[in-house]
Q: 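Please read through the structure below; I'll follow up with questions.
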Amino acid sequence: MTFDREDRGPRGGDGGGRDRDDRGPRRGGGGGGGGGGRFRRVRGCEFCRAKTDIADYKNTDMLRRYITESGKMEPRRKVGTCARHQRVVAQAVKRAREIALLPYTSEHIRLSGGGPGRR
């Protein structure tokens with residue numbers, strides 16, 4: 001059984017007669033999700049630009065840039081590191097947590113006795 005355009009429903013079945021290519025011109029701008037391009041994130045891995053392979057676990061000021069305020073590791077796509085250096089940073093953060101230079105969780109979660117999902 002074949003369907004004609006009239007048999008597909010009130011809108012014709014293809015989005016009201018418009019193709020995806022008929023959306024019009026795309027607005028230019030940087031920043032990803034459309035913010036007008038006011039802020040432009042620097043692309044590229046910080047470690048590759050500095051030509052270093054070492055993320056020192058004792059340098060907590062540098063490592064704090066790679067963890068969220070709740071204590072989780074930031075994803076690569078957000079901080080801009082390459083895969084190789086993200087593994088190096090992850091290992092340094094784990095070492096710093098192990099010897100109590102960095103916290104595993106944020107202060108407010110530790111004080112309240114739990115996070116989401118706790119009753």
Q: Are Phe47 and Ile67 linked, directly or through other ILVMFWY residues, by side chains that come within less than 4.5 angstrom of each other?
A: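 Phe47 and Ile67: one cluster.
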Q: Please name all residues satisfying side chain to side chain contact (heavy atoms under 4.5 Å, CB included) with Glu46, sequence neighbours left out, ordered by chain then number.
A: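 Arg49, Arg65, Tyr66.
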Q: Any donor and acceptor pair, going by atom type alone, linking the side chain of Gln91 with main-chain N or O of Gln86 inside 3.5 Å?
A: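 Here the side-chain-to-backbone pair does not exist.
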Q: The criterion is salt bridge (charged side-chain N to carboxylate O under 4.0 Å, His left out); which residues satisfy it with Arg84, sequence neighbours excluded?
A: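 Testing Arg84 for salt bridge (charged side-chain N to carboxylate O under 4.0 Å, His left out), a comparison that skips the adjacent residues, returns Asp53.
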Q: Ignoring hydrogens, what is the shortest heavy-atom contact between Pro103 and Arg64? Give both atom names and the distance.
A: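 Taking every non-hydrogen atom into account, CD-NH1, 4.3 Å.
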Q: Residues in salt bridge (charged side-chain N to carboxylate O under 4.0 Å, His left out) with Glu98, at least two apart?
A: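 Expected list: none.
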Q: Applying a strict under-4.5 Å side-chain criterion to I, L, V, M, F, W and Y, I'd like to know whether Val88 and Leu63 cluster together.
A: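 No; Leu63 is not reachable from Val88 via cluster members.
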Q: Of all heavy-atom pairs between Ile54 and Thr52, which one has the smallest distance, and what is that distance?
A: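 The pair with the smallest heavy-atom distance is N-OG1, 3.3 Å.
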Q: In chain order, what residues pass the side chain to side chain contact (heavy atoms under 4.5 Å, CB included) check against Ala83, with sequence neighbours excluded?
A: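 Side chain to side chain contact (heavy atoms under 4.5 Å, CB included) check on Ala83 returns Arg76, Arg87.
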Q: So, using side-chain hydrogen bond (donor to acceptor under 3.5 Å, both in side chains) as the criterion, who are the partners of Thr68 when residues are at least two apart?
A: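 Thr68 satisfies side-chain hydrogen bond (donor to acceptor under 3.5 Å, both in side chains) with Ser70 only.
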Q: Not counting sequence neighbours, list each pair that qualifies as a salt bridge (charged side-chain N to carboxylate O under 4.0 Å, His left out) and has a residue in residues 54-63.
A: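 As it turns out, there is no salt bridge (charged side-chain N to carboxylate O under 4.0 Å, His left out) pair with a partner in residues 54-63 once direct neighbours are skipped.
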Q: Tell me whether Leu101 is reachable from Met62 by hopping between hydrophobic residues (I, L, V, M, F, W, Y) whose side-chain heavy atoms are closer than 4.5 Å.
A: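 Different clusters.
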Q: For Tyr57, give me all partners under ring-ring contact (aromatic ring centres under 6.0 Å, His included), at least two apart in sequence or on another chain.
A: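 Tyr57: no ring-ring contact (aromatic ring centres under 6.0 Å, His included) contacts found.
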Q: Got a second to check how far Arg95's CZ is from Leu102's CG, nearest 0.5 Å?
A: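 Going from the CZ atom of Arg95 to the CG atom of Leu102 covers 13.5 Å.
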Q: With sequence neighbours left out, what residues match Cys48 under side chain to side chain contact (heavy atoms under 4.5 Å, CB included)?
A: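 Testing Cys48 for side chain to side chain contact (heavy atoms under 4.5 Å, CB included), a comparison that skips the adjacent residues, returns Cys45, Cys82, His85.
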